[in-house]
Amino acid sequence: MAQTPDTTAHDERRSPGPESDLSFGERFYLREAIKGMGVVARHFWRNLFGFRDPNPEVMERRGPGVNLVSTISYPEERKPYPPGYRGMHRLTIRPDGRPRCVACYMCATACPAQCIYIEAGEYDDQAIEKYPVRFEIDELRCIVCGFCVEACPKDAIRMDTGTHAPSVLSRPLAVFDKEALLKGPPIEHPSDVLTYRVPLRTVAPPDEDRGTSE
Amino acid sequence: MAGHRPHPYPDAIAPDSRLHPEPPPPPPGVKLPIPPLATPLASLAAKDFGSSVPPKPEFWAWLAATTAGWAAFAVALLAVSWVLYFIVWLFKTIFQDRPNLAGGLGEAIGNIVALILVLIMVTATLLTMAERKWSALMQDRVGPNRARLPIPGLSERPLKGIPHILADVLKMLFKEDFIPEGATRNKFLFNLAPLLAFAPAFCLFAVVPVGPEVTFLGKRIALQVARVDWGILYVFALASLAVFGTALAGWTSNNKLALLGGLRASAQLVSYEVTLGLTLVGTFIVFGTLRLESMVAQQGPSEAMLLSAMRTGGSADGTLVFGWLPGWGALFQPLGMVLFLVAAMAEIKRAPFDTPEGESEIIGYFLEYSGLKSGLFLIAEFAEVVVVAGIVTAIFLGGYHIPWFEPQLARALGIPGLAVVQVFTFLVKMLLLIWVQMLARWAFPRFRFDQIMRLGWKMMLPVSLANVVLTAGVWLWAGREGVAWMGILEWAALLGFIALSAGAKESAEPGSHTSTAAAH
C-alpha cells in the first residue's frame, strides 16, 4: 500500500479563513482578549517588582524575582568583549616603567592603513638601544586588523584593552599619542632578562652575558 | 569611572608573558622616562578602559526600597486628596467674604482649580511619561531614562524618567509653529481645531464627583465642579463635540492622509456614541438618576447613615446588596461596564481603536500640526483617558466608596478624615482603570476600520440594546435585587465561559486542527 494522504493533517496551502483553525472560543475574541491582557499584565508586574539583574550575560539573568528586561544600559553597564576581541591599542610597559617598544617600525610597516607614526630616539644604554620619542596611532584610520600586534617582536603593542576607541568630539582627538597609549600593568617576558635585570649604565661581565644569552 | 581594571584576557594574545600585579620599584638611580597617563588625552582614553558592571542589589535593600517607595506613593496620594479639599476650602473662604458673589461661586472655582487644573492636568502630564514607561515594562524594556535634571546630587539619577516630561514640554514649546501652505487658506479653522479637540476633554470632568460633600474645616464643600440634573447627558454632549476638533483638523490640513484620519475619526466617533449612550441606560434604570453624584451616593453609605452608625456604634451598612455585596454598578451591570469601557476607548480613539491616528499607516488627523498644537492633541487624548477612568469609576466601581469598612473608618477618622481617604480610594481606582486602558493598548493589535464598524454596529449596539431591555424587564419584575441577581449571573456566565472554553481547548484530541494550530 502506498502512502495515503492524511486528510486530518494541517494543509499549509489552504488559505486561513475565519472558520479554518479557530475554535469557537477563539473566534468569540473575548476570552483570547482577556488571556492576552493577562500575558501583558504578567510581564508588567514582573518587570515592575522584579530585581534589575545587571549581569552582562543577558541569557544568564535568571532566578526568583529577576525581571525580564534584557537591556544593557550601555555607557553605565558594559558587556565584556569576548576573548580575542581586537580592541583599542595599548603600548605595554616594562616593569621599570619604560615602554616596551624599541621603535623598530615593524608595526608601522605592517599597517595597511598607515595609521601608526613613530619617531625613534636612542637610549644611552647597551641593552635597549632605541625607544619611541613619538608613537601615535590615528584611531580613525585604523581598520583594527591586528597586523601591528602580529608584527611586533617585543610584545610592545597589544589590542587587549577590551574596549574600542572612544568617541571624540574632533578629529585630532582621535590621534592617540604615546602617553595615551601607554597603560595597563607592566609586562615582563623571559627574553627581557637582559634588558631590565641588568641595571642601566652598567656593562655586564662577558661570561655572564654569554651564559644568559645562549 | 572606577579606574583601571585588570585586563580581562591578557594571556589570550601573549601567553608567555606574566602580569605583575604591582610594578616592581625601579632600580635606584633610574629616572622613569615616561609618567603614565598624564595628558588630557590619556585620561580620555582611560575613561573607556575596560567594562564596568554595577553590582546586583541586595534582596533586603531592594525590599526596603520598594516598600518605602510604595508607602511614599500612598502617602503622597493621601496628601493630594487632602490638598484637593483644601484648595476648594481656600477658594470658598476667599470668596465668602465678598458680599456681591454667590456662595457657590468660590466652591465652583475652587473645584475647577483643584480638579481640572490640578488633578486632570497633572495626571495627563504624568501619563505622557507613564505611557512610555508602562509600555516599556509591558514589553520587557527599560524605557526612557536618559534625561537628567541639572541639580547637584540628582544629575546622575534617571529618576524613573520624570525629567523627560520637562524635556518634552520644553521641546514642544520651542518647536517652530509651522503652518503648511495648503492650510493657510483656512488658517483660522486650522488653529481652532486643536482647541476644539482639547477643550471638551477638559470640560468633561466637570460632572465627575471625586469626593463626597462633607464639612471640611467648618465649610460645607464637595469635590465636584458642577452638580446638575443632566450630569451624564453633559458627558455625552461634550464627548460628541470632540469630533469637531478631529474632523476640522483633518479637513483644514489639506492633506490626503490627515483627511483620511479625520474621516475615520468622524465615522468612528459618531458610531460609538450610540453604543456609549445605550450602555449606560441600564445604570440609569438601576440608580434612577442621571446625576453622577447621586449614582455614586447610592453605591455606598450616605453621610447620614455614617453619622447614625457613629452615634449608635453599629457597623451595619444598609446599601450592601443581600447584606454583604457592595452595590456597585459593576454588580448590576457587568455587561454594561464592559461595553461602556470598550465604547469609551473607541470614542477617545485609543488603541486598539486608533485607526484615526494609526501612526504606522496614516499619521492621522494631526499630521500637519507641530509644536504645541500637536501637543494639545496629545494631551487631550491623555485627558480623555483620565476622564473615562473617572466616569467608569464613578458609575461602575463605586466612585469614592470603600466597600464594607466605611462605618468603622468613619468612627476612627471622623467624617472629614473618611472623606480624604475616600478621595484617595477614588484616585486609586482611577489609576487602576487608566492602567487597564494602557494594558489594552499594548495587548491588542489595531483593528481594521471595517472591523471597528462591524464591532460597533453589528455586535455592541445589539448587545447594548438587549442589555437595556433585559435590565428594564428584570427591574420591573424583581426590582433591585433581581438586577443584582442578573448581574451575578452575567459575571458567572462570563467567567464560566472563559474557564470552560479554556478547558475545552486543552482537552482537544491530539492531531486535530486545533491542537496543531496551538502547537504553532
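In what follows, every heavy atom counts, from backbone to side chain, and hydrogens, waters and symmetry copies are set aside. Residue numbers begin at 1 in each chain, while the letters A, B, ... track the order of the sequences.
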Task: Under 4.5 Å from any heavy atom of chain A - which part of B:Trp70 - done: side chain
Open item on the list: Is it the case that atom CD in A:Glu122 sees more than 12 heavy atoms from other parts of the structure closer than 6.0 Å?
Closed with: no
Task: Close side-chain approach of B:Met438 to A:Phe44, heavy-atom, < 4.5 Å - done: no
Open item on the list: Using side-chain heavy atoms (C-beta onward) and a distance below 4.5 Å, is A:Asn47 in contact with B:Met138?
Closed with: no
- [ ] Determine whether the aromatic ring centres of B:Trp435 and A:Trp45 lie less than 6.0 Å apart.
- [x] yes
Task: Shortest non-hydrogen separation from A:Met37 to B:Ala443 and the atoms involved - done: CG-CB, 3.8 Å
Open item on the list: Whether the side chain of B:Asp140 engages the backbone of A:Val69 through a donor-acceptor N/O pair (distance < 3.5 Å, no angle test) should be reported.
Closed with: no
Task: Other residues, nucleotides, ligands: >12 heavy atoms within 6.0 Å of A:Phe147 CZ - done: no
- [ ] Name the region of A:Ile34, side chain, backbone, both or neither, that has any atom closer than 4.5 Å to a heavy atom of chain B.
- [x] side chain
- [ ] Start with the C-alpha gap between A:Val40 and B:Gln139, add the side-chain angles, then the distance that decides, and say whether side-chain contact (heavy atoms from CB on, under 4.5 Å) holds.
- [x] CA-CA 8 Å; A:Val40 179; B:Gln139 297 166 353; over 6 Å; no
